[in-house]
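Residue numbers run from 1 in the order of the sequence given. The analysis underlying the following values was restricted to heavy atoms, covering all of them including side chains, and did not include hydrogens, waters or symmetry mates.
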Amino acid sequence: MADAPYLVALALVEIAGKRALPLTGKSQPAAAAEASDPGDSGHTLALELLLRLWQRSDDGALQRAAGEQSLLLLELPLDVMSEQLPLLKANWISGGETEALLGSLRNLVIRGWRISIAKYEPVSFIAWS
């Protein structure tokens with residue numbers, strides 16, 4: 001299972017003026033790497049993450065920290081997800097540059113998508129590179 005990708009939904013946000021990077025994820029079957037988009041797994045993770053953000057809005061005003069790149073769905077190798085992602089997250093929360101975080105993530109992902117929605121349209125996954 002070490003070669004199977006890990007799918008992670010994450011949000012770069014500020015809650016009550018403090019940075020937060022909530023995330024949720026799940027391992028993927030190796031066959032998922034052949035699909036053109038993240039499918040039902042991606043939709044489920046996006047919904048989970050957005051519900052967690054909605055709950056955290058009780059703590060204060062919620063604001064995107066990276067514009068359209070604030071809500072991402074990333075496919076990562078498991079070792080990257082468990083070893084490098086926590087370090088990147090901690091660095092960014094403690095004041096690291098947003099562009100540096102996004103650049104590091106781009107270098108680590110297998111594939112990535114921005115999660116977006118438009119009025120009267122379903123959730124869409126836009127390739128992120």
Query raised in the report: What pair of heavy atoms forms the shortest contact from Pro5 to Ile110, and how long is it?
Result: CB-CD1, 4.1 Å
Query raised in the report: Side-chain contact, heavy-atom cut-off 4.5 Å: Tyr6 with Leu78?
Result: yes
Report summary line: CG (Leu101) and CZ (Arg106) are apart, to the nearest 0.5 Å, by 9.5 Å
Query raised in the report: CD/Gln55 to CG/Leu50 distance, rounded to the nearest 0.5 angstrom?
Result: 11.5 Å
Query raised in the report: So do Leu7 and Leu74 actually touch side chain to side chain, heavy atoms under 4.5 Å?
Result: no
Requested in this report: Consider only side-chain heavy atoms of I, L, V, M, F, W and Y, link residues closer than 4.5 Å, and tell whether Leu49 and Phe125 are in one cluster.
Outcome: yes
Requested in this report: Give a yes or no on this: more than 12 heavy atoms of other residues, nucleotides or ligands lie within 6.0 Å of atom CG of Asp40.
Outcome: no
Report task. Might you point out which heavy atoms bring Leu76 and Val109 nearest each other, and give the distance in Å? Result -> CD2-CG1, 3.6 Å
**Report entry** Residue pair Ile115 / Leu72, side-chain heavy-atom distance below 4.5 Å
**Finding:** no
Query raised in the report: Would you find a donor on one side and an acceptor on the other, under 3.5 Å apart, between the side chain of Lys89 and the backbone of Leu21?
Result: yes
Requested in this report: Measure across Val13 and Pro22 and return the closest heavy-atom pair with its distance rounded to 0.1 Å.
Outcome: CG2-CD, 4.0 Å
Report task. Begin with the C-alpha distance, continue with both residues' side-chain angles, and end with the deciding distance and a verdict on side chain to side chain contact (heavy atoms under 4.5 Å, CB included) for Arg52 and Thr24. Result -> CA-CA 9 Å; Arg52 288 177 55 208; Thr24 186; 3.8 Å; yes
Report task. Can you measure from CD1 (Ile15) to CG (Leu62) and round to the nearest 0.5 angstrom? Result -> 5.5 Å
Query - Close side-chain approach of Leu108 to Gln84, heavy-atom, < 4.5 Å - result: yes
Report task. Please report the shortest heavy-atom distance between Leu45 and Lys26, naming the atom on each side. Result -> CD1-CG, 4.1 Å
Requested in this report: Take Met81 and Val8, measure what side chain to side chain contact (heavy atoms under 4.5 Å, CB included) needs, and give me the verdict at the end.
Outcome: CA-CA 8 Å; Met81 195 285 305; Val8 176; 3.6 Å; yes
Requested in this report: Taking Ser41 for its side chain and Pro38 for its backbone only, find out whether a donor-acceptor pair lies under 3.5 Å.
Outcome: no
Query raised in the report: Could you state the interatomic distance from CD (Glu97) to OG (Ser104), rounded to the nearest 0.5 Å?
Result: 11.5 Å
Requested in this report: Compare all side-chain heavy atoms of Leu85 with those of Leu23 and state whether any distance is below 4.5 angstrom.
Outcome: yes
Query raised in the report: Do Leu102 and Trp128 touch side chain to side chain, with heavy atoms closer than 4.5 Å?
Result: yes
Report summary line: CD1 of Ile93 to CG of Leu88, rounded to nearest 0.5 Å, is 11.0 Å
Report task. First locate atom CD of Glu68, then atom CZ of Arg114, and finally report the distance between them rounded to the nearest 0.5 Å. Result -> 4.5 Å
Requested in this report: List the atom of Ala65, the atom of Ser70, and the distance in Å for their closest heavy-atom pair.
Outcome: N-OG, 3.4 Å
Report task. Indicate the atoms forming the closest heavy-atom contact of Gly42 with Leu73, along with that distance. Result -> CA-CD2, 3.5 Å
Query - Trp92 vs Arg19 side-chain heavy atoms within contact, under 4.5 Å - result: yes
Report task. Applying side chain to side chain contact (heavy atoms under 4.5 Å, CB included), run through Leu71 and Leu10 and close with a yes or a no. Result -> CA-CA 6 Å; Leu71 190 57; Leu10 57 85; over 6 Å; no
